[in-house]
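A quick note: this is a predicted structure, and the numbers were derived from the prediction, not measured.
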Amino acid sequence: LNLNGTLRVMDDTIGGAGQGGGSALFQGEGGVLEFTADNSTISVSNGAGFEFITSATGGEGLSLGGRADATPIVVSFTNTDVSGGLLSVTSRARGGNATAPNGAGGLANGGSIRLSLTDSDISFIGEVGIISEAFGGNGGLVDGLGGNAVAGIVEMSAVRSSFEVSPFSG
């Protein structure tokens with residue numbers, strides 16, 4: 001596989017607005033953004049790379065902001081060589097805002113991220129970012145409550161593999 005541009009894989013969910021904001025949730029069965037390279041050789045050029053993103057945004061509500069649960073991400077390289085390029089893996093959840101003076105902001109749960117390397121030689125250039133983040137929704141300014149936020153677990157494993165990130169030059 002030769003990449004001269006960015007390979008972007010994205011799962012984006014947004015709840016609707018209303019009296020209570022709509023939830024943005026992933027489905028439990030099959031609700032995973034997954035990329036697997038097995039027995040592959042991948043060459044990346046021209047500042048390109050891989051970008052894996054899951055994003056959930058709860059809807060805005062009057063009394064209650066919507067809940068947001070971002071989809072988990074699994075990225076696997078097995079018996080694979082990667083040379084060049086960038087890697088960005090991001091799971092982001094943002095709870096919906098509540099606009100009433102006593103409204104409650106929505107809960108946000110960032111998705112878990114798992115990056116696994118097995119029998120692989122991985123060499124990226126420039127930047128590697130592996131981020132799970134969550135932002136609770138804003139509550140009302142009088143007696144309101146802000147929404148809770150919990151980032152997901154980020155896990156990276158390397159078994160019989162090399163992983164290198166070199167500075168970008170040029």
| query | So do the side chains of Leu87 and Glu127 get within less than 4.5 Å of each other, counting heavy atoms only? | reply | no
| field | Heavy-atom pair of closest approach, residues Gly58 and Ala68 | value | N-CB, 3.6 Å
| said: Hydrophobic clusters here meaning ILVMFWY residues chained together by side-chain heavy-atom distances under 4.5 Å, can you tell me if Phe77 and Val165 are in one? | reply: yes
| note | So OG of Ser43 and CG of Leu3: to nearest 0.5 Å the spacing works out to 8.0 Å
| Test item: Ser83 side-chain N/O and Ser123 main-chain N/O as donor-acceptor pair under 3.5 Å | no
| Can you find a heavy atom in the side chain of Leu25 that is under 4.5 Å from one in the side chain of Arg67? | yes
| When you measure from the side chain of Asn138 to the backbone N and O of Asn97, does any donor-acceptor pair fall under 3.5 Å? | no
| query | In Å and rounded to the nearest 0.5 Å, what is the CG to CG distance from Asp143 to Asn102? | reply | 6.5 Å
| field | From CZ (Arg94) to OG (Ser55), nearest 0.5 Å | value | 8.5 Å
| query | What's the shortest heavy-atom distance between Ala108 and Ala93, and which atoms? | reply | CB-O, 3.7 Å
| message | Quick one: does any side-chain atom of Ser88 pair with a main-chain N or O of Glu51 as donor and acceptor, under 3.5 Å? | response | no
| message | Under 3.5 Å, is there a donor on one side chain and an acceptor on the other for Asp69 and Asn109? | response | yes
| So, Glu133 and Arg92, do they make that salt bridge, N to O below 4.0 Å? | yes
| task | Determine the interplanar angle of the Phe50 and Phe124 rings, folded into 0 to 90°, and report it as parallel if under 30°, tilted if 30 to 60°, perpendicular if over 60°. | result | perpendicular
| Any luck finding a side-chain donor-acceptor pair between Thr54 and Ser91 under 3.5 Å? | yes
| request: Verify the neighbour count for atom CD1 of Ile153: are there more than 12 heavy atoms of other residues, nucleotides or ligands below 6.0 Å? | output: no
| request: Measure the spacing between CD1 of Ile73 and CD1 of Ile113 and express it to the nearest 0.5 Å. | output: 4.5 Å
| said: Please determine whether side chain to side chain donor-acceptor pair (under 3.5 Å) holds for the pair Asn79 and Asn39, giving the CA-CA distance in whole Å, both sets of side-chain angles, and the decisive distance to 0.1 Å. | reply: CA-CA 5 Å; Asn79 195 30; Asn39 292 311; 2.3 Å; yes
| Among the clusters formed by ILVMFWY side chains lying less than 4.5 Å apart, do Ile130 and Val75 turn up in the same one? | yes
| query | Has Glu34 got more than 12 heavy atoms of other residues, nucleotides or ligands less than 6.0 Å from its CD? | reply | yes
| remark: dist Thr80:OG1 -> Ile42:CD1 (nearest 0.5 Å) comes out at 6.0 Å
| said: Hydrophobic clustering (ILVMFWY, side-chain heavy atoms < 4.5 Å, transitive) - are Phe135 and Ile53 grouped together? | reply: no
| message | With heavy-atom distances below 4.5 Å as the criterion, would you say the side chains of Leu117 and Arg160 are in contact? | response | no
| said: Ignoring hydrogens and geometry beyond distance, is a side-chain donor-acceptor pair present between Thr78 and Asp38 at under 3.5 Å? | reply: no
| query | Where do Val74 and Val32 land on the side-chain contact (heavy atoms from CB on, under 4.5 Å) test, with the steps shown first? | reply | CA-CA 7 Å; Val74 177; Val32 174; 3.9 Å; yes
| query | So, do Ser112 and Glu155 sit near enough that their side-chain heavy atoms are less than 4.5 Å apart? | reply | no
| Side chains of Glu164 and Ser166: do they bring a donor and an acceptor to under 3.5 Å? | yes
| Shortest non-hydrogen contact between Ala98 and Gly65, atoms and distance | CB-N, 3.9 Å
| request: Could you grab the distance from atom CG of Asp12 to atom OG1 of Thr71, nearest 0.5 Å is fine? | output: 9.5 Å
| field | Distance-only side-chain donor-acceptor flag, Asp121 / Ser162, under 3.5 Å | value | yes
| field | In one Ile/Leu/Val/Met/Phe/Trp/Tyr side-chain cluster, 4.5 Å: Ile122, Leu1 | value | yes
| Does the side chain of Phe163 come within less than 4.5 Å of Met156's, by heavy atoms? | yes
| query | Same cluster or not: are Val128 and Leu33 linked, directly or through other Ile, Leu, Val, Met, Phe, Trp or Tyr residues, by side-chain heavy atoms under 4.5 angstrom apart? | reply | yes
| Side chain Ser132, main chain Gly111, donor-acceptor under 3.5 Å | yes
